[in-house]
Amino acid sequence: MSGERRHLVLVGLMGSGKTEVGRECARRLGRPFVDTDALVEARAGRSIADIFRHDGEDAFRLLERDAVAHACASPEPAVISCGGGAVLSEENRRVMRGEGTVVLLTAPVEVLAARVGAGEGRPLLGSAEPADVLACLAAERDDAYRAAAHVAVDTSGHDLVAVADDVLACLDEVDG
Ligand code: S3P
């Protein structure tokens with residue numbers, strides 16, 4: 001499949017900027033923007049916090065898997081921002097890589113922690129110190145992020161426009 005017809009899929013930890021960078025890339029590419037968290041909430045008619053609280057993380061992961069599959073199945077090339085844990089599923093990684101160019105957004109844990117603030121609306125951050133949770137998740141998920149991504153872009157010290165520049169340059173390079 002040629003680059004023009006593949007999705008741009010953004011993955012990375014909470015606070016890596018997937019949603020903001022994704023929106024900016026979508027605007028510049030003239031493509032629709034899809035956020036799998038928003039898709040889960042729209043399809044379930046409930047917030048992610050509510051799903052975690054009442055049904056648990058496993059139930060959320062199933063809804064997330066359906067959302068990733070749905071977004072990636074769209075024939076119209078889109079920019080798809082995936083929730084931070086979507087890469088944990090081997091099936092999600094296969095679908096993302098099969099249908100898109102997957103870009104991992106990275107930043108040091110202290111930068112991610114500063115961006116997520118108190119972690120409102122992000123159940124995994126709970127009541128613990130966000131930097132501690134993010135450090136654990138970074139260690140646990142590193143292999144899955146690397147397995148999912150075709151390329152990684154460092155977002156620390158760069159503004160939104162510069163990160164979007166880098167992502168789009170990677171897209172050109174990978175897709176040719
Ligand atoms: C999660 C990240 C969140 C959301 C959910 C779980 C994770 O998305 O999917 O709270 O497992 O890292 P963002 O990365 O968009 O915050």
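One-based numbering, in listed order, for ligands and for the atoms of each.
Counting atoms of ligand 1 from 1 in the listed order, those under 4.0 Å from a heavy atom of Gly83 are 8 (O), 9 (O), 14 (O). Heavy-atom proximity to Arg122, at under 4.0 Å, picks out these atoms of ligand 1: 16 (O). Which parts of ligand 1 touch Pro123 is read off a 4.0 Å heavy-atom cut-off, strictly below it: atoms 10 (O). Close approach of ligand 1 to Leu124 (heavy-atom distance below 4.0 Å) involves ligand atoms 7 (C), 11 (O). When each atom of ligand 1 is checked for a heavy atom of Asp37 under 4.0 Å away, the hits are 3 (C), 4 (C), 8 (O), 9 (O), 13 (P), 15 (O).
More than 12 heavy atoms of other residues, nucleotides or ligands sit less than 6.0 Å from atom CZ of Arg115.
Of the heavy atoms in Glu57, none comes closer than 4.0 Å to ligand 1. Residue-level proximity to ligand 1 for Arg115 is absent, since no heavy atom of it falls below 4.0 angstrom.
For the pair Glu41 and ligand 1, no heavy-atom separation below 4.0 Å is found.
Annotation: atom 12 (O) of ligand 1 to nearest protein heavy atom, Arg141 NH1, 2.7 Å. For atom 2 (C) of ligand 1, the closest non-hydrogen atom on the protein side is Gly84 N, 3.4 Å. At the shortest separation from atom 14 (O) of ligand 1 among protein heavy atoms lies Lys18 NZ, 2.8 Å.
Taking a cutoff of 4.0 Å between a charged side-chain nitrogen and a carboxylate oxygen, Asp58 and Arg61 do not qualify as a salt bridge.
Residues Val167 and Leu105 meet the side-chain proximity criterion, which asks for heavy atoms closer than 4.5 Å. Within the 4.5 Å cutoff, the side chain of Ile80 has heavy atoms near those of the Cys72 side chain. No side-chain heavy atom of Asp55 sits under 4.5 Å from any side-chain heavy atom of Leu63.
A distance of 10.0 Å separates CD1 of Ile51 from CD of Glu64, quoted to the nearest 0.5 Å. A distance of 11.5 Å separates CG of Asp142 from CD of Glu140, quoted to the nearest 0.5 Å. For the atom pair CZ (Arg6) and CG (Leu171), the distance works out to 9.5 Å, reported to the nearest 0.5 Å.
Close N/O approach between Ile48 and ligand 1 is not found [any backbone or side-chain N/O within under 3.5 Å].
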